[in-house]
Asks: 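The following block contains the structure, expressed as C-alpha cells.
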Amino acid sequence: MTDPLPPIVIPGELLPADGRFGSGPTRVRVSALESLASTGAAYMGTSHRQSTVRDVVGRLRTGLSNLFALPDGYEVLLGNGGATAFWDAAVFGLISSKSQHLQFGEFSSKFGAAVAKAPHLDPPDIIESAPGTHPEPVGRDDVDLYALTHNETSTGVTMRLRRPGPGIVAVDATSAAGGIPVDPEDFDVYYFSPQKAFGSDGGLWVAACSPAGVGRIEAIASSGRYIPPSLDLSIALANGRKNQTYNTPALATIHLLLDTVEWINEQGGLAWSAGRCAANAAIVYGWAEARSYATPFVSDPTLRSPVTATIDLEDGIPYTTVSAILRAHGIIDIDGYRKLGRNQLRIGMWPTVPADDLEALTACIDYVVDRL
Ligand SMILES: *Cc1c(COP(=O)(O)O)cnc(C)c1O
C-alpha cells in the first residue's frame, strides 16, 4: 500500500500553459503536430523513395547544415534506431581498432559497454568520473576514435568538446544538439536522436560528419570487415546523398524534426535556441539556489546542463510525492533519472520550453513543498 497523496490543490493560475517538462521524449510543439496533420493525404503514407518525402529529407539535411553552420565537405546522414542503434553502427563502421570513452552517467556508459563486447575491436579505453562531473579525454597514440557526450542527460552534466589528439571525435549529442552551442571544428561525427532538444519523436538517428568522419566510414567499409547492412554507415551515407534512408524511416518523426529545425533557424538559429536554453537554465538553477530545500546536483556551475537540470531535494521532501502531486495537475515527467537513485527532480529546459512555463513550474513546486 502506498500512502495517499497529501490533498494539495495547486491554483489554476499558477499552472504552466503546457505541463510537459520531460527529458526525453520531450514536449513536441503543438504547432508542429498541427503542421503534420495539415499535410493530410500529401505526405504521410507516401513512398520514401519519391520526391515528396525526399524533398523533406533534403530540407532537413540543409536545415541542419545551416543550424550547425557546417563547413563545406560536411555531410548529414540519417538512419533508423536512434542514438542507441548508432552506437552499434559505430562499433561496426566508425572505430578502426581502439576507442576511448568518457563515462559519467547512464548514456555515456552504454557506447563503451557495446564496444567492449565487440570481438573485432581492441578493448576500449574507458575513463570514468563520478555522476555530476565529467572526465577529460586523454590523447593516446593507439586510440583512433574519442567518444564524447556533449550532454549527459541522466545526470545533467554538459562538457566542452575538445580534440584530445589525432583520431576522430564522435560526439553523442542526443540531448545537446539544438540546445547547446557547438563548433564543427570540434567534432568528426555529431550524432543525435530527434526526441530531445528538437522535440520530435523517436526512432531515428541523425549524424553530421566531417570529411574525416566520412573518410573513416568509407575506409572501414572498403576494408572487408563484416558489417550488417542496417548498421552500415557507408550505406547510410550513400542513401543520405540521395535524401533517403536504407530502409523505411518514420515519416512523422522526420516531419516534426524538420518543423522544429526550420522554426529554430527562422528565430535566429543555434545562437537563438542555445540562448533560450541558457535563459531557461538561469531561471531553474537560480530558483534552486535560492531555496533552502533544493540544491543543483551538479556543484560546478560551468558543468551544469542548460537543457536538463537535476535538482536535489532535501531529505524530508520525497521527490516522488512532489512529482505525483504535480502529475495530478498535468505537470509531468520531472522525476530524477531512476538509476541515479537520488532524491531528485530532473527538468527539461529545451528550446521548445518557454521561460514562462519554467517560472510557473518552479512556483508550483514551491506551492507544493510549502504545504507538505
Ligand atoms: C536519450 C539519449 C540516448 C538514447 O537515445 P535513443 O533514441 O533512445 O536511442 C543516447 N544518448 C543520450 C545522451 C541521450 O540523452
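Read the numbers this way: they start at 1 and go in the same order the structure lists the ligands and their atoms. When a residue number appears, it is its place in the shown sequence, counting from 1.
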Asks: Answer with side chain, backbone, both or neither: which part of Trp87 has a heavy atom less than 4.0 angstrom from an atom of ligand 1?
Replies: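 It is the side chain that touches ligand 1; the backbone stays farther off.
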Asks: Using a 4.0 Å cutoff against the non-hydrogen atoms of Asn151, which atoms of ligand 1 qualify?
Replies: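 Close to Asn151: 13 (C).
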Asks: Short N/O distance, under 3.5 Å, between Thr153 and ligand 1?
Replies: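 Yes; the residue has a nitrogen or oxygen that sits under 3.5 Å from a nitrogen or oxygen of the ligand.
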Asks: Checking contacts here: is it the side chain or the backbone of Glu152 that comes within 4.0 Å of ligand 1, counting heavy atoms only? Could be both or neither.
Replies: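 Within the 4.0 Å criterion, Glu152 makes no contact with ligand 1.
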Asks: According to the interplanar angle, ranging from 0 to 90°, do the rings of Phe111 and Trp87 count as parallel (below 30°), tilted (30 to 60°) or perpendicular (above 60°)?
Replies: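 Ring orientation, 0 to 90° scale: parallel.
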Asks: State the atoms of ligand 1, each with its element, that fall below the 4.0 Å cut-off from a heavy-atom position in Ser193.
Replies: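 Matching atoms, with element in brackets: 5 (O), 6 (P), 7 (O).
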Asks: Ligand 1 versus Lys110, non-hydrogen atoms closer than 4.0 Å: side chain, backbone, both, neither?
Replies: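 For Lys110, there is no contact with ligand 1 at all, from either part.
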Asks: Against the six-membered ring of Phe21, is Arg27 placed for a cation-pi contact (under 6.0 Å from the centre, within 45° of the normal)?
Replies: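 The answer is yes; both the distance and angle limits are met.
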Asks: Walk me through it: do His120 and Tyr226 pass the test ring-ring contact (aromatic ring centres under 6.0 Å, His included)?
Replies: CA-CA 10 Å; His120 61 282; Tyr226 165 69; 9.0 Å; no
Asks: For Ala83, counting its heavy atoms only, list the atoms of ligand 1 lying under 4.0 Å from any of them.
Replies: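 In order of number, 5 (O), 6 (P), 7 (O), 9 (O), 10 (C).
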Asks: With a 3.5 Å distance limit and no angle check, can you tell me whether Trp350 reaches the backbone of Ser175 through a side-chain donor-acceptor pair?
Replies: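 Checked: no pair found.
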Asks: Only heavy atoms count here, so choose which of Asp201, Val171, Asp172 is nearest to atom 12 (C) of ligand 1.
Replies: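 It is Asp172 whose heavy atom sits nearest to atom 12 (C) of ligand 1.
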Asks: After noting the C-alpha distance and the side-chain angles of Phe192 and Phe198, does the key distance pass the ring-ring contact (aromatic ring centres under 6.0 Å, His included) rule?
Replies: CA-CA 10 Å; Phe192 59 90; Phe198 289 114; 5.3 Å; yes
Asks: For atom 14 (C) of ligand 1, which protein heavy atom lies nearest, and how many Å away is it?
Replies: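 So the nearest neighbour among protein heavy atoms is Lys196 NZ, 3.0 Å.
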Asks: Aromatic contact between Trp263 and Trp272, with the criterion being ring centroids under 6.0 Å apart: yes or no?
Replies: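 Yes.
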Asks: May I ask you to decide if Ile8's main-chain N or O and Arg371's side chain share a donor-acceptor pair within less than 3.5 Å?
Replies: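 Absent.
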Asks: Has ligand 1 got any nitrogen or oxygen that is less than 3.5 angstrom from a nitrogen or oxygen of Thr84?
Replies: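 Yes, since at least one N or O of Thr84 sits under 3.5 Å from an N or O of ligand 1.
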